[in-house]
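In what follows, a structure is listed as structure tokens, so that the remarks can point back to it.
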Amino acid sequence: CANSARIVPNGPPVVLDNECFEGKVMLLIRTPDVDNAKDPHISTLAETPSRISTYFKGKKRRFEFQFQIKLKHVPQGPLFLGCELENSIKIGTITKGLVGI
């Protein structure tokens, strides 16, 4: 990517624009107050919007990427979405078996 931007977790959407599509991406990370709302040692939601905490309540997931894109051209074949990470993700044996790694 010629123009890359760091995605700040729980921050504002990052604008994406290239020859194939335009749009936005957000990274949402589960915050400690979701699991321990009554823990006095956890700071209030001053740093994290309450909408993020509310969104993760009742869900088991730890993070979520949200994409909103508009294609600039009709694809001629299959459309794939991928992600590249700097470090590998540690997953358990059962999970490895389920995803076929």
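Atoms considered below: every heavy atom in the structure, side chains included; atoms not considered: hydrogens, waters and symmetry mates.
- Nearest heavy-atom pair across Lys60 and Arg30 is C-NH1, 4.2 Å.
- With sequence neighbours excluded, the residues forming a salt bridge (charged side-chain N to carboxylate O under 4.0 Å, His left out) with Arg61 are Glu64, listed by chain and number.
- Among residues two or more places apart in sequence or in another chain, the side-chain hydrogen bond (donor to acceptor under 3.5 Å, both in side chains) test is passed with Asp17 by Lys72.
- Checked against side-chain hydrogen bond (donor to acceptor under 3.5 Å, both in side chains), Lys24 has no partners two or more places apart in sequence or in another chain.
- Note that the CG atom of Leu16 and the CD1 atom of Ile7 stand 7.0 Å from one another [nearest 0.5 Å].
- Within a 6.0 Å radius of CD in Gln68, other residues, nucleotides and ligands contribute 12 heavy atoms or fewer.
- Distance check: Arg62 CZ to Leu28 CG gives 13.5 Å after rounding to the nearest 0.5 Å.
- Listed by chain and residue number, Phe21, Ile69, Pro75, Leu79 satisfy the side chain to side chain contact (heavy atoms under 4.5 Å, CB included) test with Leu71 (two or more places apart in sequence, or in another chain).
- Listed by chain and number, the residues in a salt bridge (charged side-chain N to carboxylate O under 4.0 Å, His left out) with Glu22 amount to none (sequence neighbours excluded).
- Taking all atoms of both residues into account, the shortest heavy-atom contact from Val25 to Phe67 is CG2-CE2, 3.4 Å.
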Begin from the C-alpha positions of Asn10 and Leu27 and carry the test side chain to side chain contact (heavy atoms under 4.5 Å, CB included) through to its verdict. CA-CA 6 Å; Asn10 300 336; Leu27 171 59; over 6 Å; no

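- For Lys59, the NZ atom counts as densely surrounded, since its 6.0 Å shell holds more than 12 non-hydrogen atoms of other residues, nucleotides or ligands.
- The side chain to side chain contact (heavy atoms under 4.5 Å, CB included) check on Val15 picks up nothing, with sequence neighbours excluded.
- Contacts classified as salt bridge (charged side-chain N to carboxylate O under 4.0 Å, His left out) and involving residues 73-83 (residues at least two apart or in different chains) are not found.
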